[in-house]
Amino acid sequence: MIINRSQLLFVCITPLLLAAEPAQTDPTLKLQKTMTTARQFLDLNMSAEAVTALEAELANVGGNKSYLALLREAYLAEMFRIEKSDKPDTVRVTELRKHLAMLGAATPGSAKPPAPIVPAVSAKPVGSEIPEPAIEPPAAVPTPAATPLEEATIAFKKGDYAVAARFFATASNLTPAEHAAWAYCRVKLAAEKLNARDCKPGDAELAIREVTAALQEVPPGSELHKVGQALIELGRSKSGSGAGKAIASSANELETANFRIKHTGNADFAEELATAAESHRKAIFERWSGPPAGAWAVKCDIVLHATAEAYSSATGRPGEATGSSVVRLADRRATERRIDLRADHAAIKTDALPRELTHIILADLFPDKSPPKWAEQGMAILSGSAEEIDRYTRTLPRCAREGDWFTLAKLMELNEFPAEKITGFYCQSVSLTEYMIRSAGGERNFTIFLRDCQRYGTAQAIKRQYGVDGPDALEAAWKRATLATGRAQAP
């Protein structure tokens, strides 16, 4: 599986920055900048991003009461957001309560929401009362002509969202608040189109795609995201299309809401695969993170190759491989998704398809930086059938006897596929991922662990999630559980 994160203008932006700027030399100015950034995040209901931004400067805060008050507000907002979710992360809530206690804030049994800045969606037409995000006007540029960003901001403040959207589309270096304003414009315009009495199926389909693309600019769970989801459902009812249902087809191509199947003539098999792909996509998102945030603006091409020889010739990969995938990103968004599969593989729908689709979806869940190779491979293989998973777990004891595996410290440092011990790498990755999922209390908590690895480092993330001191201690516990299970299953 190849993820091209650098060749096509991919810009890695951490949540702590609003735009690339010269380094701040005055600590006071830097704190003020961080507080402004956090306030913008809170105004857009992006409490997690506000917490991240503020925590990054804790070492420089000293006794700044305004800063600490804003941090308390961010913690409370984040705790409320988590508690009202469908499956609250109790570990994170407990952690936030501890932080608030250290800051001297009262934490009742359930966090109270911050002052609402967003009106509830009423029985009025869907999207008619989308909360308008607040953005700061860009710094004045000493040129006779206004920049696209200035024009966009002026039009936005006038309520001319069509003009603002056009200028936002040509502007560069947008802040998160400006990205949200651009998304607001697109969702607002789509709502007007969908709520029109003369909305045709073709117009509804275009509106769905526009809203889906816009929602990639805002965090899941925000009010704008919820309104966008409601608009997508309205659009589907007016367009007559739905996930898993073919909405277009040609002689050798078939489309669904999220996939474009390119086949060699067996249309019935292609349609079965398309239905399976939509089903797997929904299940994989829900397993590792939560329900998908709408249809993909850039559909995933699935190319079926009739034979191993055809697959190898088209992809350059060995004929014994059963599938491969590619994702290309630009500015944290996918510009291409593609899966190549051998149509003659017996388990294409139960193993090869969900495995490669997991790689595609992980690019959505980790747009800034891929998860470690061992975790990515383990998660992908665990999406397959029980028989496929068992093939790896049964091979692991032999790898242990022959020393064909890595220490966990070494395994977790691998950024690329190893040049040796390949069998051990795969078997170990599957077994370790499965063990850590069980120990963490589920797949979504394992995803949180991987994000903690990127935020705090592997050793600290292991201690936070599993309560042991780093890879060596985790390795001892994993080996005890794994080898004991292997002995119990031996004849």
Testing the 3.5 Å rule here: is there a donor-acceptor pair between the side chains of E55 and Y75? yes
Residues which pass side-chain hydrogen bond (donor to acceptor under 3.5 Å, both in side chains) with K98, listed by chain and number, not counting sequence neighbours: none
Give a yes or no answer on whether the side chain of S383 reaches the backbone of P354 with a donor-acceptor pair at less than 3.5 Å. yes
Residue list, salt bridge (charged side-chain N to carboxylate O under 4.0 Å, His left out) with K200, at least two apart or on another chain: none
Selection residues 458-477 - residue pairs positive for ring-ring contact (aromatic ring centres under 6.0 Å, His included), sequence neighbours left out: F449-Y466
Non-neighbouring partners of E443 that pass side-chain contact (heavy atoms from CB on, under 4.5 Å), sequence neighbours left out: R287, W288, I437
If a pair satisfies salt bridge (charged side-chain N to carboxylate O under 4.0 Å, His left out) and one of its residues is in residues 409-418, list it, with sequence neighbours excluded. none
So, using side-chain hydrogen bond (donor to acceptor under 3.5 Å, both in side chains) as the criterion, who are the partners of E57 when residues are at least two apart? N60
Among all residues two or more places apart in sequence or in another chain, which pass the ring pair (Phe, Tyr, Trp, His ring centres under 6.0 Å) test with F425? F417
Go through the structure and list residues passing side-chain contact (heavy atoms from CB on, under 4.5 Å) with E233, not counting sequence neighbours. R236
Does the side chain of L450 reach to within under 4.5 Å of the side chain of M379, using non-hydrogen atoms? yes
For T34, side-chain hydrogen bond (donor to acceptor under 3.5 Å, both in side chains) partners two or more places apart: none
Closest contact, heavy atoms only, E475 versus F406: OE2-O, 4.3 Å
The side-chain hydrogen bond (donor to acceptor under 3.5 Å, both in side chains) partners of R451 (sequence neighbours excluded) come to none
Contacts of A50 that satisfy side-chain contact (heavy atoms from CB on, under 4.5 Å) - sequence neighbours left out: A38, F41, L42, A74
Those residues that, when tested against L206, pass side-chain contact (heavy atoms from CB on, under 4.5 Å) (two or more places apart): none
With no hydrogens and no angle check, just 3.5 Å: does a side-chain donor-acceptor pair link N258 and E278? yes
Counting only N and O atoms by type, is there a donor-acceptor contact under 3.5 Å from the side chain of Q465 to the main-chain atoms of N445? yes
